[in-house]
Amino acid sequence: MNIFSDQQDEVDKERITDTNFTVFGKIPKKYHVECESSLPDGRITIRLFEYDAQIALDEGEVTEETLTVTFPNTRFCIFGHTKRHRTK
């Protein structure tokens, strides 16, 4: 899914999330699932918040002068990462 994030010091920047979707039931629930296959670098938390905030804003509702947003339920998957060693 493509998300266009608004940033104060940059033009709209396209960012791609792994997936976000809604499960419909008595109460619809929005999910955002992000996967990482490289070694964690500590920036994933920031990216998750940015994606979640943009998803919430995109689906927010304004009533009178109040913006109401609901953040998605976020899931994060890390796939194994191994170092390859050459053997002689």
Side-chain angles (χ1 to χ4, degrees):
M1 159 150 267
N2 297 354
I3 289 180
F4 292 91
S5 59
D6 296 323
Q7 307 215 346
Q8 291 178 347
D9 55 348
E10 298 180 24
V11 268
D12 285 353
K13 186 162 76 172
E14 182 177 16
R15 308 208 50 197
I16 301 173
T17 66
D18 288 337
T19 189
N20 75 73
F21 54 90
T22 302
V23 174
F24 292 96
K26 288 183 179 181
I27 300 173
K29 291 185 180 180
K30 185 79 174 179
Y31 288 89
H32 165 219
V33 179
E34 197 71 23
C35 300
E36 183 77 38
S37 60
S38 59
L39 289 173
D41 60 5
R43 293 181 288 175
I44 187 66
T45 306
I46 295 166
R47 286 198 320 268
L48 289 172
F49 176 77
E50 288 175 342
Y51 295 158
D52 289 349
Q54 194 63 53
I55 291 166
L57 286 170
D58 288 347
E59 298 183 5
E61 295 181 13
V62 176
T63 306
E64 295 178 14
E65 293 184 18
T66 302
L67 171 63
T68 302
V69 297
T70 302
F71 275 70
N73 296 285
T74 303
R75 302 297 182 259
F76 174 56
C77 303
I78 293 183
F79 295 104
H81 186 277
T82 60
K83 292 182 181 179
R84 294 184 181 177
H85 299 287
R86 291 187 181 177
T87 56
K88 294 182 181 183

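Numbers here simply count residues along the sequence, with the first being 1.
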Please lay out, stage by stage, how His32 and Leu48 fare under the test side chain to side chain contact (heavy atoms under 4.5 Å, CB included).
CA-CA 9 Å; His32 165 219; Leu48 289 172; 3.8 Å; yes
Go through it in stages, so that I can follow the logic: the residues are Thr22 and Lys29, the test is side chain to side chain contact (heavy atoms under 4.5 Å, CB included), and I'd like the CA-CA distance, side-chain angles, deciding distance and then a yes or no.
CA-CA 5 Å; Thr22 302; Lys29 291 185 180 180; over 6 Å; no
Could you check whether any side-chain N or O of Asp52 sits under 3.5 Å from a backbone N or O of Thr74, counting only pairs where one atom can act as donor and the other as acceptor?
no
Can you see which heavy atom on Ala56 is nearest to which on Thr70, and at what distance?
CB-O, 3.5 Å
Can you tell me how the ring of Tyr31 sits relative to the ring of Phe21, calling it parallel under 30°, perpendicular over 60° and tilted otherwise?
parallel
Pair Glu36, Arg43 - check salt bridge (charged side-chain N to carboxylate O under 4.0 Å, His left out), show working.
CA-CA 11 Å; Glu36 183 77 38; Arg43 293 181 288 175; over 6 Å; no
How long is the gap from CD on Glu61 to OG1 on Thr66, to the nearest 0.5 Å?
12.0 Å
Joint hydrophobic cluster, Val33 plus Phe24, side-chain heavy atoms closer than 4.5 Å:
no
For the CD atom of Glu59 and the CZ atom of Phe71, what is their distance to the nearest 0.5 Å?
12.0 Å
As an exercise, state the distance from CD1 of Ile44 to CZ of Phe49, rounded to the nearest 0.5 Å.
14.0 Å
Looking only at non-hydrogen atoms, find the nearest pair between Ile55 and Pro72 and report the distance.
CG2-CG, 4.1 Å
Verdict with supporting geometry, Asn20 and Lys30, side-chain hydrogen bond (donor to acceptor under 3.5 Å, both in side chains):
CA-CA 7 Å; Asn20 75 73; Lys30 185 79 174 179; 3.1 Å; yes
Report whether Val62 and Leu57 are members of the same hydrophobic cluster (ILVMFWY, side-chain heavy atoms less than 4.5 Å apart, transitive linking).
yes
